[in-house]
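Computed over heavy atoms, backbone and side chain alike; hydrogens, waters and symmetry mates excluded. Lettering follows sequence order; numbering is per chain, from 1.
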Amino acid sequence: MKFNINNLNPTQKKAVQSTDKPLLIFAGAGSGKTRVLTYKIAYLVEEKGISPKHILAVTFTNKAASEMKDRVQDLLPNQDVSRMSVGTFHSINARILRKEIHRLGYSNDFTIYDSDDSKRLIKSVILNHNLDVKQFEPKSVRTIISWFKNKMKTPEEIQNGANGFREENIAEIYNGYQIELKNNNAVDFDDLLVLPLDIFREYPERLNYYQSLYEFVLVDEYQDTNKPQFKFVYALSQKHRNICVVGDDDQSIYGWRGADIKNILDFEESFGDVEIVKLEQNYRSTQNILDAAFSVVSQNENRAPKKLWTENKKGELITVIESLDERDEARKILDTIQKEYSKNGKDLDNFVILYRTNAQSRPIEDQLRRNSIPYTIVGGVKFYDRKEVKDVLAYLRLIVNPLDSISFERIINFPVRGIGKTTVDKLKSFGKENNKSLFDTLQNSNELPIGQKQKQSIELFHKLIEFYRNQIDKETADNIINSLVDNLGLEEFYLTQETEESMERWENVNALISSITEFCERNENVGLKEFLEEVSLLSDIDEWNESRSSVTLMTLHSAKGLEFPIVFIAGMEDGLFPITSRLESEEDMEEERRLFYVGVTRAEEKVYLSYANSRRRFGGMPVSCIRSQFLDELPNKLVEFKSTRKRNVPIYQTNKSTHYRKSISNSPSSESKSNYQVGDVVSHKIFGTGTVLRVEGAGENAKLTVQFTGNVRKKIVAKFVK
DNA sequence: CTTAAATACTTTTTT
DNA sequence: AGTATTTAAG
């Protein structure tokens with residue numbers, strides 16, 4: 001479709017044409033946001049004469065980025081928009097760092113560590129500090145450090161503010177981790193956001209350069225930006241003051257990774273004289289769907305007041321499906337899909353099944369597979385996270401960046417070449433004493449106290465890597481990987497094991513090879529380095545092919561920005577959605593509500609909400625569940641119930657109490673029948689009597705929100721009340 | 001040093 | 001239930 005501003009409604013038009021001041025577009029779900037953004041870019045190029053290469057547009061996924069570019073290109077057939085900078089914060093920042101990071105003492109061939117790599121590095125730092133990995137679990141330390149970085153706290157700041165044994169040590173680990181990253185010539189996901197800011201601060205002329213380069217800055221999904229992301233767009237836009245951000249505070253769902261809803265709510269405060277446009281007409285969903293979504297999210301205190309409206313018809317009611325357990329749930333969802341498929345002629349790509357946690361996909365997958373329904377799953381165990389894929393990638397990464405000790409340790413003994421832990425430890429201590437990287441110690445095999453066999457093996461490995469290092473710039477990436485896999489004898493390695501698992505692993509290695517080949521066909525004149533960068537920044541949704549005729553399964557988070565005619569949300573249970581297990585504050589609950597809002601507003605025609613009366617976790621015994629409070633927040637007139645035809649036995653009963661996993665739960669006494677309901681009157685030693693407002697979980701460990709006399713509202717564990 | 005067996009751990013959500 | 005890591009035996 002060619003660019004014509006009259007394809008827009010008046011508000012959208014205003015959003016496109018307003019270019020004098022920093023602009024905030026509140027874009028509700030389904031309000032034509034993508035259209036406005038693409039039109040705006042087209043308008044900037046066509047009407048304002050801004051060259052595409054001077055435009056920076058930030059999107060939430062790489063997929064959204066390439067789609068945006070394509071759409072703008074379609075709108076402007078006479079222009080070439082290929083030089084426009086469109087991408088995620090991470091990919092745009094990675095590109096900047098490839099050019100600039102040498103200023104910070106890294107080399108431009110740096111490796112990007114994923115969470116698993118960071119975790120390994122953090123673990124080694126913990127061990128080097130002679131700390132106990134039981135007490136300082138690498139995984140949770142990584143989460144904490146990531147949080148620090150997303151809040152832009154430097155190791156020094158954390159060290160200065162640390163109190164007590166644990167905090168002081170975590171600060172130490174953080175500090176050590178940053179040093180080690182640099183030694184490895186590696187950055188993690190969070191560094192990608194933070195390091196460019198360090199460069200801007202220390203080298204103002206570089207900031208100046210990028211400020212001049214980007215005459216116009218656009219940011220999508222602005223409600224999910226965190227502090228460094230805000231600083232980045234803020235810094236870049238200071239020269240031209242041409243910035244346009246688009247977002248919806250009701251759809252902010254990444255608070256747990258530092259996203260700050262204040263960025264959007266305080267836009268005016270940050271950017272001064274600004275223009276604000278609200279897109280409130282929804283073109284996607286039926287009235288009933290919008291009403292249902294609104295009824296839940298509007299219970300949040302912390303939101304900008306607004307309400308979507310639509311000219312669409314009322315449509316069908318929201319259907320709530322009750323099931324016995326997760327397998328029954330899967331069956332019922334499948335039945336519903338089949339019904340819609342045969343009766344209403346809905347093709348499979350009309351359906352999406354959303355859930356709160358990736359683990360929920362399994363029973364649904366099983367059911368779909370049993371019935372030969374094609375499905376596509378987004379997320380879960382990622383292709384590039386599989387062990388065999390990471391092993392081969394580790395070779396490629398070490399070839400590009402020999403300082404990368406994490407990759408080195410992955411492959412020094414894969415496939416097995418007789419270099420065990422003891423030998424690696426010797427290499428490590430030699431490296432430490434002589435201030436050499438692990439890879440460089442290989443050159444000194446003569447000086448190492450190791451056996452003849454190990455020595456030979458090491459020299460061979462060293463030669464192999466060096467050989468390919470010389471090939472990087474001479475050979476294409478697919479030639480390198482083919483030759484490498486050949487050289488390592490991986491085919492034989494996997495096929496001689498003759499297990500189903502090893503066959504599958506070999507398949508995956510082949511899939512990796514094809515993805516490199518495909519990458520080489522897609523991009524001319526680029527090599528191994530570029531491939532590795534793309535791979536490390538790829539998200540699950542980027543690989544999702546919507547045109548395929550299959551049912552889609554994904555988490556609610558992944559569904560952001562997408563739309564489907566028919567949406568299922570599975571696992572509408574207390575403790576699962578909303579997740580209450582670690583819910584610490586009302587803010588967390590509000591984010592869950594927004595997540596529900598995002599889920600429901602993905603739907604164009606019909607929403608099914610499903611819950612089970614019992615569910616097993618970790619493959620253990622089934623645990624009974626209570627339906628989600630969100631279901632009770634929906635007005636009755638919008639909902640139709642499809643309940644299990646059951647007698648009045650509401651809850652699944654395990655046949656023997658011995659099946660309760662008492663030893664694991666921290667319940668001190670016997671299972672009491674403390675199943676409270678909303679409205680029950682309870683008494684408490686300290687607070688006196690009160691009424692139950694909300695029940696989370698079941699049994700004596702359930703959390704009750706109780707309104708006590710004297711306007712006291714408390715959250716209390718069930719076993720403490722009578 | 002390698003292999004097999006035991007054990008521990010997972011479930012928020014992701015770039 | 002499924003996977004990753006640790007331990008014990010060879």
Side-chain angles (χ1 to χ4, degrees), chain A residues 58-65 87-94 112-116 118-120 123 133-134 137-139 143 146 149-150 187-193 221 224-226 228-229 252-259 326 354-363 366 378-382 384-387 413-424 450-451 453-454 457 497 501 533-542 554-560 571 575-584 588 591-592 594-596 598-599 615-621 623 664:
Chain A
V58 188
T59 58
F60 203 71
T61 64
N62 295 297
K63 187 175 148 67
T88 62
F89 277 105
H90 289 87
S91 63
I92 284 164
N93 283 339
I112 299 170
Y113 277 178
D114 66 17
S115 319
D116 179 63
S118 320
K119 209 176 68 194
R120 287 166 193 255
K123 187 176 175 187
V133 287
K134 287 259 152 49
E137 284 169 88
K139 200 182 156 197
T143 309
S146 174
K149 290 190 186 185
N150 285 152
V187 305
D188 64 18
F189 285 140
D190 306 315
D191 287 341
L192 286 175
L193 305 178
E221 306 285 5
D224 281 322
T225 51
N226 62 21
Q229 291 168 332
S252 163
I253 54 175
Y254 283 90
W256 49 274
R257 101 181 174 194
E326 71 278 356
L354 304 176
Y355 35 76
R356 182 66 234 265
T357 65
N358 282 306
Q360 285 168 258
S361 71
R362 198 173 293 278
D366 288 347
V378 178
V381 189
K382 295 165 196 124
Y384 290 103
D385 283 350
R386 285 165 200 264
K387 186 187 175 302
N413 202 28
F414 172 86
V416 210
R417 52 170 71 84
I419 312 293
K421 191 177 178 300
T422 13
T423 310
V424 174
I450 54 174
K453 216 174 146 199
Q454 279 72 24
S457 194
Q497 293 174 35
E501 193 196 339
E533 173 143 330
E534 178 173 281
V535 161
S536 47
L537 296 177
L538 216 52
S539 75
D540 301 310
I541 204 81
D542 294 333
M554 66 173 93
T555 62
L556 288 147
H557 282 87
S558 298
K560 188 166 79 156
L576 189 57
F577 190 31
I579 281 216
T580 44
S581 52
R582 275 208 204 151
L583 223 54
E584 272 155 17
D588 292 346
E591 184 153 308
E592 294 290 303
R594 293 193 293 267
L595 193 54
F596 181 75
V598 167
R615 186 177 292 273
R616 60 185 77 218
R617 284 188 154 185
F618 316 116
M621 270 294 137
V623 179
I664 289 169

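The interatomic distance linking A:W256 (CH2) with B:dT12 (C1') rounds to 8 Å, in whole Å. The interatomic distance linking A:K421 (NZ) with B:dC1 (C1') rounds to 13 Å, in whole Å. At whole-Å resolution of the value, NZ in A:K387 and C1' in C:dG2 are 16 Å apart. Regarding A:D190, its CG atom lies at a distance of 11 Å from the C1' atom of B:dT14, rounded to whole Å. A:K63 places its NZ atom 16 Å from the P atom of B:dT14, with the value rounded to the nearest Å. Atom CG of A:L576 is separated from atom C1' of B:dT12 by 9 Å (rounded to the nearest Å). The nearest whole Å value for the distance from the NE2 atom in A:H557 to the C1' atom in B:dT14 is 8 Å. For the pair A:R356 CZ and B:dT12 P, the interatomic distance rounds to 9 Å; values are reported in whole Å.
Using a 4.0 Å cut-off between charged side-chain N and carboxylate O, A:E592 and A:R356 make a salt bridge.
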List, with names and distances, any nitrogen or oxygen atoms from the protein found under 3.5 Å away from nitrogen or oxygen atoms belonging to nucleotides 5-10 of chain C.
unit_1: C:dT6; atom_1: OP1; unit_2: A:K123; atom_2: NZ; d: 3.2

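Of the listed nucleotides (B:dT13, C:dG2, B:dT15), C:dG2 has the atom at the smallest distance from the side chain of A:R362. Side-chain proximity of A:E592 to the nucleotides B:dT14, C:dA1, B:dT12 is greatest for B:dT12.
Mapped onto DNA chain B by nearest heavy atom, A:T423 and A:N62 fall at different nucleotides, with A:T423 at the one closer to the 5' end. Annotation: of the two residues near DNA chain B, A:G418 and A:K134, the 5′-most nearest-nucleotide partner is A:G418.
Here A:N358 reaches the OP1 or OP2 of B:dT14: one of its side-chain N or O atoms lies under 4.0 Å away. Phosphate proximity of B:dT15 to A:T61: absent, as no side-chain N or O sits under 4.0 Å from OP1 or OP2. Checking the phosphate oxygens (OP1, OP2) of B:dT15, a side-chain nitrogen or oxygen of A:S539 falls inside 4.0 Å. Side-chain N/O atoms of A:S115 include none lying less than 4.0 angstrom from OP1 or OP2 on B:dT14. Residue A:S558 places none of its side-chain N or O atoms closer than 4.0 Å to OP1 or OP2 of B:dT13. Side-chain N/O atoms of A:K139 include one lying less than 4.0 angstrom from OP1 or OP2 on B:dT11. For the OP1/OP2 pair of B:dT2 and a distance below 4.0 Å, the side-chain nitrogens and oxygens of A:N413 include at least one atom meeting the criterion. Residue A:S91 places none of its side-chain N or O atoms closer than 4.0 Å to OP1 or OP2 of B:dT15.
Within 4.0 Å (heavy atoms only), A:F60 reaches no atom of the nucleic acid at all. No contact: A:Q360 has no heavy atom under 4.0 Å from any strand.
On the P atoms, C:dA4 is 16 Å away from B:dT13, given to the nearest whole Å.
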For salt bridge (Lys or Arg N to Asp or Glu O under 4.0 Å), just list the numbers for A:D116 and A:R120, CA-CA rounded to whole Å, side-chain angles, deciding distance to a tenth of an Å, and then say yes or no. CA-CA 6 Å; A:D116 179 63; A:R120 287 166 193 255; 3.1 Å; yes
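Annotation: cation-pi pair A:K387/A:F414 present, NZ/CZ under 6.0 Å from the ring centroid and within 45° of its normal.
Taking A:F89 as the reference, nothing meets the ring-ring contact (aromatic ring centres under 6.0 Å, His included) condition, with sequence neighbours excluded. By the ring-ring contact (aromatic ring centres under 6.0 Å, His included) test, A:F189 pairs with no residue at all, sequence neighbours left out.
Between A:F596 and A:F577, the ring-plane angle classifies as tilted under the 30° and 60° cut-offs.
Side-chain N or O atoms of A:N413 include one that pairs as donor or acceptor with a backbone N or O of A:G418 at under 3.5 Å.
A side chain to side chain contact (heavy atoms under 4.5 Å, CB included) with A:F60 is found for exactly one of A:T88, A:D224, A:T225, namely A:D224.
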